[in-house]
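Computed over heavy atoms, backbone and side chain alike; hydrogens, waters and symmetry mates excluded.
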Amino acid sequence: MGRGAPGEPTAVRRVVRWPEGAPTDDVLAREEPLEIRVEDRAVAVTMRTPGADLDLAAGFLFTEGIVDGADDLVALEHLPGDADGNTVVARVAGGVEAHAEAVERATRALYATSACGICGKASLERIRLLAPPVRPVALDPEVLRWLPERLRAAQPAFDATGGLHGAALVALDGAIEVVREDIGRHNAVDKVLGSRLRADRVPVDDRVLVVTSRAGFELVQKARMAGVPALVAMGAASDLAVDLAVDGGMALVGFLREDRYVRYA
């Protein structure tokens, strides 16, 4: 029993189940802070499930506009000597000075809210400046209806804990490219988008982003910053999320089930 090894997404705790009453071991999702640094400057601390930390940091830097592509990201590694693995350091082209405005903007925004990078109707103007409209795509209902089952089958940590969000990049024919899990829905999204950035395959204009959570503003923001043409969610969308999707020409789907869904945009 205990916290588990660094990088492990789960830990074991002693619990008592009712009505059985007997103590037993249970598997829980791990939650630990990850500090993201650009050069020697801390720009964010997010509570995350360990695993794919470099993808998470890359995705965060990408969707917050600090880097535009793989060429901007010179190096990305866990802080040497950090036994817990809870700090990631990014080295960027030209040093922090070359990205000072974006770093300042992201730092201020993250102090304002730990749930997302930017929030509020005024943020729509910033997104318009940073992210052009996406390339529209046609979504096939016969492909969409099987995505919840297919994504669920690709979530081993959720199987063990029941406590993690999932995010996936999926081709228009339904083929799943990458799946990531995290206790934070925005972290799961950053992980899948960061995997594409690290592979030097951005913008992500050839995939649908599928999430097990609701479709809040911050998820649509991250998708649009990455050039994703469609966001498909198992939960509901917010009004501001719909506004941002419509503004950018994104398809936005919620309440996805095998037999139904809601298309917001």
If you link I, L, V, M, F, W and Y whenever their side-chain heavy atoms are under 4.5 Å apart, who else ends up in the same group as [X]?
X	result
Val74	none
Trp18	none
Leu79	Val89
Ile183	Leu164

Note, [X] side chain near [Y] side chain (heavy atom, < 4.5 Å):
X	Y	value
Phe62	Asp190	no
Arg37	Val88	no
Val242	Leu252	yes
Pro33	Thr46	no
Val192	Arg207	no
Glu64	Lys222	yes
Glu32	Arg48	yes
Leu244	Gln221	yes

Looking at every non-hydrogen atom in both residues, tell me the closest pair between [X] and [Y] and how far apart they are.
X	Y	value
Ser213	Ala233	O-CB, 3.4 Å
Ala167	Val211	CB-CG1, 4.2 Å
Gly166	Ala188	C-CB, 4.4 Å

Co-membership, hydrophobic cluster, residues [X] and [Y], 4.5 Å side-chain:
X	Y	value
Phe255	Val143	no
Met250	Val232	no
Leu209	Leu197	yes
Ile66	Leu56	yes
Met225	Val208	no

Do [Y] and [X] meet the salt-bridge criterion of a basic N to acidic O distance under 4.0 Å?
X	Y	result
Asp25	Arg13	no
Arg152	Asp159	yes
Glu104	Arg41	yes
Asp206	Arg196	yes
Glu218	Arg185	yes

- Any side-chain donor paired with an acceptor under 3.5 Å for Asp72 and His99?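 Judged by distance alone, the side chains do not pair up.
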- Task: May I have the step-by-step check of side-chain contact (heavy atoms from CB on, under 4.5 Å) for Val228 and Leu193, ending in yes or no?
- Result: CA-CA 9 Å; Val228 176; Leu193 297 178; 4.0 Å; yes
Residues which pass side chain to side chain contact (heavy atoms under 4.5 Å, CB included) with [X], listed by chain and number, not counting sequence neighbours:
X	answer
Ser195	Asp55, Val178, Arg180
Glu39	Arg91, Val92, Val96
Ser238	Leu240, Ala241
Ala168	Leu151, Val170, Ile176, Val179

- Query: Just one of Val210, Val220, Val189 clears the side chain to side chain contact (heavy atoms under 4.5 Å, CB included) bar with Leu231, so which one?
  - Reply: Val220
- Query: Checking side chain to side chain contact (heavy atoms under 4.5 Å, CB included) against His78, which of Asp84, Asp53, Asn86 comes through?
  - Reply: Asp53
- Message: Under the rule for side-chain hydrogen bond (donor to acceptor under 3.5 Å, both in side chains), what residues qualify as partners of Arg201, not counting sequence neighbours?
- Response: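 If we apply the side-chain hydrogen bond (donor to acceptor under 3.5 Å, both in side chains) test to Arg201, skipping adjacent residues, the hits are Glu177.
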- Item | Asp68: partners by side-chain hydrogen bond (donor to acceptor under 3.5 Å, both in side chains), with sequence neighbours left out |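 For Asp68 there are no side-chain hydrogen bond (donor to acceptor under 3.5 Å, both in side chains) partners, ignoring immediate neighbours.
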Sidechain-backbone polar pair: [X] side chain, [Y] backbone, donor-acceptor under 3.5 Å:
X	Y	value
Lys191	Gly51	yes
Glu35	Ala42	no
Asp200	Gly69	no
Arg17	Ala22	no
Thr49	Arg30	yes

- Message: Could you check whether atom CD of Glu149 has more than 12 heavy atoms from other residues, nucleotides or ligands sitting under 6.0 Å from it?
- Response: no
- Could you tell me whether Asp173 atom CG has more than 12 heavy atoms of other residues or ligands within 6.0 Å of it?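 More than 12 within 6.0 Å, yes.
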Under 3.5 Å, which donor-acceptor pairs link side chains of residues 256-265 to any protein atom two or more places apart or in another chain?
from, atom 1, to, atom 2, distance (Å)
Arg257, NH1, Met234, O, 2.8
Arg263, NE, Ala265, O, 3.2
Tyr264, OH, Ala237, N, 3.4

- Item | Between CG on residue Asp243 and CZ on residue Phe217, distance to nearest 0.5 Å |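 It is 9.5 Å, given to the nearest 0.5 Å.
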- Task: Nearest 0.5 Å please: distance from the CG atom of Asp82 over to the OG1 atom of Thr87.
- Result: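 Nearest 0.5 Å value for the CG-OG1 distance: 4.5 Å.
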- Might you work through the side-chain contact (heavy atoms from CB on, under 4.5 Å) test for Asp26 and Arg14, ending with a clear yes or no? CA-CA 6 Å; Asp26 195 15; Arg14 201 73 169 162; over 6 Å; no
Result block: side-chain N/O donor-acceptor pairs under 3.5 angstrom for residues 134-142, not counting sequence neighbours:
from, atom 1, to, atom 2, distance (Å)
Arg135, NH2, Asp205, O, 2.2
Asp140, OD1, Glu142, N, 2.9

- Pair Val204-Leu169, side-chain contact (heavy atoms from CB on, under 4.5 Å): steps then yes or no: CA-CA 9 Å; Val204 190; Leu169 292 178; 4.0 Å; yes
